[in-house]
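Letters A, B, ... mirror the listed sequences (proteins, then strands); counts begin at 1.
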Amino acid sequence: MTRSLRPLLATTLIFLFAYALAVSQQPAMLSTRVLGNFLTDNAFLGIAAVGMTFVILSGGIDLSVGAVIGFTTVLVAVLIMWLELHPLLAFAIALIVATAFGAIMGAAIHYLKVPSFIVTLAGMFLARGGASVLSPDSIGIEHPFFTAVQKSYILLPGGGRLTVVGIIMLIVFACAILLAHRTRFGSNVYALGGSETSAALMGVPVARTTISIYALSGFLAGLAGVVFSLYTSAGYSLNALGVELDAIAAVVIGGTLLTGGYGFVAGTFIGVMLQGLVQTYIVFDGTLSSWWTKIVVGVLLFMFILLQRLVFRAGPRRT
Amino acid sequence: MTRPTVDLRPTTQPPLPRQRPITSFLTKPQVIALVAVLLVNWALFPGFFTITWQDGRFFGSLIDVLNRGAPVAILAIGMTMVIATKGVDLSVGAVMAISGATAATLVTNGIPAPTAVLAALATGLLCGLWNGILVTVLEIQPIIATLVLMVAGRGLAQLITEGTIVTFSDPLLIFIGTGSFLGLPMPVVIALVLMVLATLIVRRTALGLLIEAVGVNRSAARFAGLKAGTLLLIVYTFAGFCAAISGLIVAGDIRGADANNAGLWLELDAILAVVIGGTSLMGGRFSIPMAVLGAMIIQAMNTGILISGFSPEFNLVVKSAVIIVILVLQSPLSARLFRRLPGAPK
Amino acid sequence: MTEPKPVLEARGIVKIFGQHRALDTVDFTANAGEVHALLGENGAGKSTLIKILTGAYQPDGGELLLDGQPITLRDPLHGQTYGIGTVYQEVNLLPNRSVAENLFLGRQPTRFGMVDRKRIDAAAKDLLSRYGLDIDVRAELSEYSVAVQQIVAIARAVELSGKVLVLDEPTASLDRNEVQRLFDVVRGLKAKGLAIIFITHFLDQVFDLADRVTILRNGRKVASQPLNTLNTTDVVRMMLGKDVAFDHHPTALSGGPKGQVRVAFQNLSRKGLTPFDLSVHEGEVVGVAGLLGSGRTEVARLMFGVDGSDTGQITVDGQPVTIRNPAQAVAAGFGFCPEDRKLDGIFGDLSVRENIIIALQAKLGWFKALNREDQVELAGRYAEALDIRAADHDMPVKLLSGGNQQKVILARWLAIDPTFLILDEPTRGIDVGAHAEIVRTINRLREEGLALFVISSELDEVVAYSNRIVVMRDREMVAELDGDTIAPDAIVQAIAGTAKEARP
Amino acid sequence: YAEGLQGKVIGFSQIGSESGWRAAETSVTKAEAEARGIDLKFADAQQKQENQIKAIRGFIAQGVDAILVAPVVATGWEEVLTEAKEANIPVVLLDRGIEGPEDLYLTSVASDQVKEGRVAGEFLATTVGDKPCNIVELQGTVGSSPAINRKQGFEEAIAGKANLTITRSQTGDFTRSKGKEVMEGFIKAEDGGKNICAVYAHNDDMAVGAIQAIKDAGLKPGSDILVVSIDAVPDIFAAMVAGEANATVELTPNMAGPAFDALQAYWDAGTAPEKFIITESKLYTPADDPQGEYDRRKGLGY
Ligand SMILES: Nc1ncnc2c1ncn2[C@@H]1O[C@H](COP(=O)(O)OP(=O)(O)OP(=O)(O)O)[C@@H](O)[C@H]1O
Ligand SMILES: Nc1ncnc2c1ncn2[C@@H]1O[C@H](COP(=O)(O)OP(=O)(O)OP(=O)(O)O)[C@@H](O)[C@H]1O
Ligand SMILES: [Mg+2]
Ligand SMILES: [Mg+2]
């Protein structure tokens, strides 16, 4: 256990170190306001990354999450604004649709034996396309419920805000940590990531688990979409473009191996926060041109991975 | 036991491809899919198969499919080998942008075009080498290793062009993108030549087998004395090189380097092409010509959408529907159904 | 003995892979309170039959009966619910999970819906102690040797087997003590009335443990009868379908090393491994004996450059060579059949032919491609020489039976015309015929002047081909026996030395 | 300029750098800020609204004096702009408006995108006169507000003219290469281009691509097929010089200048500026000294 905890520890240390470094450059970053923003602004990414963590732990990948987020925001907006449903009902419907979508992809992956990369790529096209068919235009959501949610937050000392979406993300992480490390389902996910044949021979219900994993990822992407719609009060087919890559990066920075079987949900949290840190730092700095922004994001990504590898390597090899 | 003495005759006949009857080629799901997509296009637009001779070159929708599919096909040639080693290269789109930006910027600054082209190809090689080093020396997982360049590379390209679209009028660069040879558009010629060369190099030498071996079991490859690291370096470098060629074509085509949009999301198309071509993302067996065929399927589909007159909101839905059909066709499930059909090969 | 009570029965089982009939109308009955040995050559269909009995494969014909009732097993999980526990031939566990979790996956005790880790760990520790294993059950399985993993797999299967326990070559990577301990457990289960199906290539173990034997040949059942009516020769004859000149307990070779020093390792070491000197002569086999985890594999990996050495020099034919990776080792004419065939040996998706020529091809370089004719010829020659049973050399090697895969790897190294060959457990999982064949091959290679370094846990076998035997204990070479001092008993004494057990 | 803005810290959340025009807007904004002595904090959102929201939150946390936003979409700004308002930071919208209460921002400096489309349509209508004319349309990115508005404005302009019809409309994603590819397809589908009388592109980049496609098909852009587009980037003037483009509607990249002026007036004199500052949508044709326009724009960072 201690050996596999190492990358998690490494990531946490790197995050603290990076945060300290950022604060030394931009003292204003040391405030509860910034920390509160970390949670609020990255809530949808964090939630989607949790789903991605399960998928990657099982040895797969889900490229559809960004598109599902976008689709969900549009669906929610359509249900509320055009069909005049109550937001909570709209959320429920959207979550069911997203979960079913994920489950279908999981079934395709399992029964058609097509790699998840390709199935979810097709899923990504489909969800994006479906969203733009529903409404190419962005739809603003106006509903007292939305205003109420946006107005409710816990004021932290120092002016920071712990918003509803931030709290939702924290709850999702807490549940996911339990799910991954403390339930049979979690064990089965790791088992699939370790070796699908072995898992099958050891009695893991492969079909059911695979479908559940992608359904879970779909559900969480849907939830991320709901959060996104709460966050922006709008539905737009191009929302959350490319978020799948951010989510994958967060998961991997968090120490989960893309080959599956190793990793922690908590690491993903740190991975998400690290990405938020980078973006916030760039905003605070405010001097980077468009292209330097990209280069710096890439270079920092590289440095985190490199640091992690070095810490990883320092440990004893398996024999 | 007698020790074998291996005498090395020059390979006279193609070493690996097994003699398949033409019928078995025609019943490949990819070929069926391509034909089906082309037929749908034809149904949507009766002039689809018409090819005319105009201004010293062929002209027609079919030629457009080849021409527009060429950049992705070229990417797919490099990508096939990366995927065969169980890797993936997400950075090729960004590398296209870098290569185009390099060539365009050099040319507009008065550097002779051939030098600019060589420089662009060299940057592609360097980018590929960088990926390769990340994957082999630092042992970073390919998706993440190449994600770094995917993110940063487009920034680099914009750094070179300073965010603008660098327009040029250099005849050599334009020729690469829009010229023609024997009546065929240059991109098609380049893609064909690259496909044939790459296939020959890989199949006439041991490279192909060794790449497959590394992809199937990297650990066993090491134990068998294979220089897996060097192979991976070569494979990623070659993918970078292919991306650079694609980048030159795309820049030449619009007579300008558009660092922000050149090759955007094309890495996904290239990966899709390779997978449609039957190379597994789990590494191992690969086929370059089939990947090129995969690229053509994707482009035939795109062109079909263009001429169909659907409103553009439906583009992605149609595209995903076609992909799903192809995937189902290729899956073991339907392979079993196929085998039941009379006349189908065992 | 009372009338046998059938528990699990298979009737007229047919299994077809492609055009190959792996099983052809096979009947099989496992009785309560009986150990039933399933024997046959490599590729005879034993593992396939097992997989059908446990639900991993679906038969193409025939039926299964449990306690007289026809059943259809959808998958191994379904099989488990009927009380059928299985150890498959290749260790099929999860390297990334803890030992405890491997033992309890799928039936973890839960509290309030949450898995109760403490209870699992305690139960796992308790369970393994019955096999004499005292290890940290929270550590990842992959941190332990193949042998430990095998014991974990067995422990898991035993726990799951309410009615039937299936063991497919469970002893291949175990040492004597562990085999004895396993047999004790099995005898206990037998007394409790379980039906036990046992596959092995060690005939003495069969006679030690089994009550009844079924013999398969080329997918057909040739015999099924109580063991007490048979002797070894009968069994071998039925398995192979012919009489073989088979000396089961060959006598030790006399005479020390011959020829000149081929390779010499001086002061080679690595963190934790005591530095050693060793030279191997032309035409000499150096056998290596030792308990599990005594460091034999580690030495072999060091020699072949798989792991980097901290100190030491290597000379080949008097010339110093640098070996920092396997490629350099191959260039120096070394060959290495690794212990873990699935992980480090075979290229599952590549053809038999390609698996055989790959090392030669790697040695020749990228541009001197072997053409197809050469490949076919080489593969054909070695397949014949080692009697590799494959329907077709273009079929993926992963479809071959375990023993045949092992031979393919051996063929791969013979094809490079090596000067020095390292074999780590070369006969693990190999049938009697092939076993004798490999022992003969080793002897023949030695006579042809090759230098060999052979690791084996089978003392009889080491004795049969070694000119010299190095004994390892606690990652140190503690003794060297040669000439007339070589005998199983002497080795056991050397191994015993002081420490009883050396395990992580 | 007066002291007014000297030393003020102003955050600018830009969408990205997806087109030449956008790059020009960024560089013009930076130049304008520098001329006024403003400490401009620039944040590029890589085309993502969530990044823009993060940037604005970052600006608020940092305590800037004012915020400029070029919103990527019209919706979804209420919450974050309310936060800015609570922190007493004036917000100025650049080049696109938003949906939401007007008190959330000081002013909005933008062009009228519908009008741009209308100007282009009216130009075509007058140029063609009574002749029948089949128009093909190269749309911007599906769902983006310029694409929607420019389409709407154009359609409004040609609505009454029975002789003008849009026969084909596809997205060219605002890029040259897609513009070229789509135009190629249109030409094939419309009898080698003989059935096309004009192409209307939602931006100049796509028009430049389309011009090349027309030339490759052996037709003359500008005469065989009329080319009308929007933005007025340098390359379209180069095309006009060569007689290959017929008209473009200017979208000025200088949105920041008026924005800064408004802020200055607000801070100096406390005058609330007009809520909507609409920039001019000027039509350029080959008669308007395209070479001169080209030279004037070349250095602006397009
Ligand atoms: N999935 C498969 N597809 C095709 N052929 C197979 C498959 N599995 C096994 N075979 C073939 O079936 C035959 C029986 O294999 P099996 O593994 O049952 O042999 P075995 O008796 O267990 O041999 P060993 O002692 O070497 O383990 C072999 O010829 C093997 O090549
Ligand atoms: N790098 C290392 N660091 C720490 N311990 C190691 C290292 N390499 C090997 N070991 C340990 O050294 C011992 C020797 O292992 P090795 O696999 O070489 O033994 P072996 O005699 O070949 O046993 P087996 O029969 O299991 O193959 C084992 O306990 C192993 O866990
Ligand atoms: Mg077997
Ligand atoms: Mg060993």
Side-chain angles (χ1 to χ4, degrees), chain B residues 44-48 50 52 54-55 57 59-65 67-68 71 100 151 154-155 158 161-167 169 174 177-178 180 185 249-251 253-265 299 302-316, chain D residues 16-24 26-27 44 46-47 137-143 147 167-192 204-206 208-213 215-218 233-235 238-239 298 300-302:
Chain B
L44 288 172
F45 168 52
F48 186 78
T50 317
T52 54
Q54 185 179 323
D55 303 335
R57 57 163 76 193
F59 189 82
S61 291
L62 216 47
I63 302 293
D64 278 358
V65 170
N67 191 22
R68 292 286 152 217
V151 175
R154 210 159 276 286
Q158 281 182 301
T161 63
E162 293 177 328
T164 62
I165 298 182
V166 181
T167 315
S169 55
I174 294 177
T178 62
S180 67
I249 290 177
V250 168
D253 181 39
I254 59 165
R255 303 167 185 223
D258 183 352
N260 219 315
N261 297 306
L264 198 61
W265 302 121
Q299 186 56 44
N302 287 340
T303 305
I305 291 171
L306 267 188
I307 57 177
S308 66
F310 278 140
S311 91
E313 289 87 53
F314 290 95
N315 288 4
L316 283 173
Chain D
S17 57
E18 72 282 5
S19 67
W21 183 88
R22 184 69 57 195
T26 303
S27 53
D44 178 295
Q46 325 267 341
Q47 280 83 29
E137 181 183 28
L138 298 174
Q139 295 186 28
T141 306
V142 175
T167 48
R168 284 183 181 267
S169 181
Q170 249 294 345
T171 175
D173 276 335
F174 284 132
T175 69
R176 276 191 200 189
S177 54
K178 279 287 276 178
K180 184 172 181 186
E181 179 179 351
V182 174
M183 192 64 199
E184 265 177 14
F186 285 173
I187 292 173
K188 302 284 159 21
E190 296 290 342
D191 194 16
D204 288 342
D205 282 332
M206 291 190 290
V208 170
I211 288 171
Q212 287 167 15
K215 286 202 284 192
D216 286 351
V233 307
D235 280 342
K298 199 56 199 159
L300 290 182
Y302 278 100

Identify which part of [X] has an atom lying under 4.5 Å from any heavy atom of chain D, answering side chain, backbone, both or neither.
X	result
Leu44(B)	neither
Ser61(B)	both
Glu162(B)	neither
Phe48(B)	neither
Arg154(B)	neither

Quick one, [X] and [Y] - any side-chain contact, counting heavy atoms below 4.5 Å?
X	Y	result
Lys188(D)	Phe59(B)	yes
Gln170(D)	Ile305(B)	yes
Arg176(D)	Thr167(B)	yes

Is Gln212(D) in contact with chain B via its backbone, its side chain, both, or neither, using a 4.5 Å heavy-atom distance?
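For Gln212(D), the side chain is the part near chain B, not the backbone.
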So for Val142(D), is it side chain, backbone, both, or neither that comes closer than 4.5 Å to the heavy atoms of chain B?
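The side chain, not the backbone.
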Return the [atom1] to [atom2] distance between [X] and [Y], rounded to the nearest 0.5 Å.
X	Y	atom1	atom2	result
Asp44(D)	Gln158(B)	CG	CD	7.5 Å
Arg255(B)	Ile211(D)	CZ	CD1	10.5 Å
Asn260(B)	Gln47(D)	CG	CD	6.0 Å
Ile307(B)	Glu190(D)	CD1	CD	11.0 Å
Ile165(B)	Asp205(D)	CD1	CG	3.5 Å

For chain B, which of [options] has the most heavy-atom pairs under 4.5 Å?
options	value
Lys178(D), Glu181(D), Gln46(D)	Glu181(D)
Ser19(D), Ala217(D), Gly192(D), Ala213(D)	Ala217(D)
Gly143(D), Gly185(D), Ala23(D), Ala189(D)	Ala189(D)

Partner chain D: residue of Thr164(B), Val250(B), Thr303(B) with the largest heavy-atom pair count (under 4.5 Å)
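That would be Thr164(B).
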Between Leu264(B), Asn261(B), Thr50(B), who has the most heavy-atom pairs with chain D when the cutoff is under 4.5 Å?
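Looking at each of Leu264(B), Asn261(B), Thr50(B) in turn, Asn261(B) comes out on top.
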Do you know the tightest heavy-atom contact between Ser177(D) and Ile254(B)?
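Closest approach of Ser177(D) to Ile254(B), heavy atoms only: CA-CG2, 3.4 Å.
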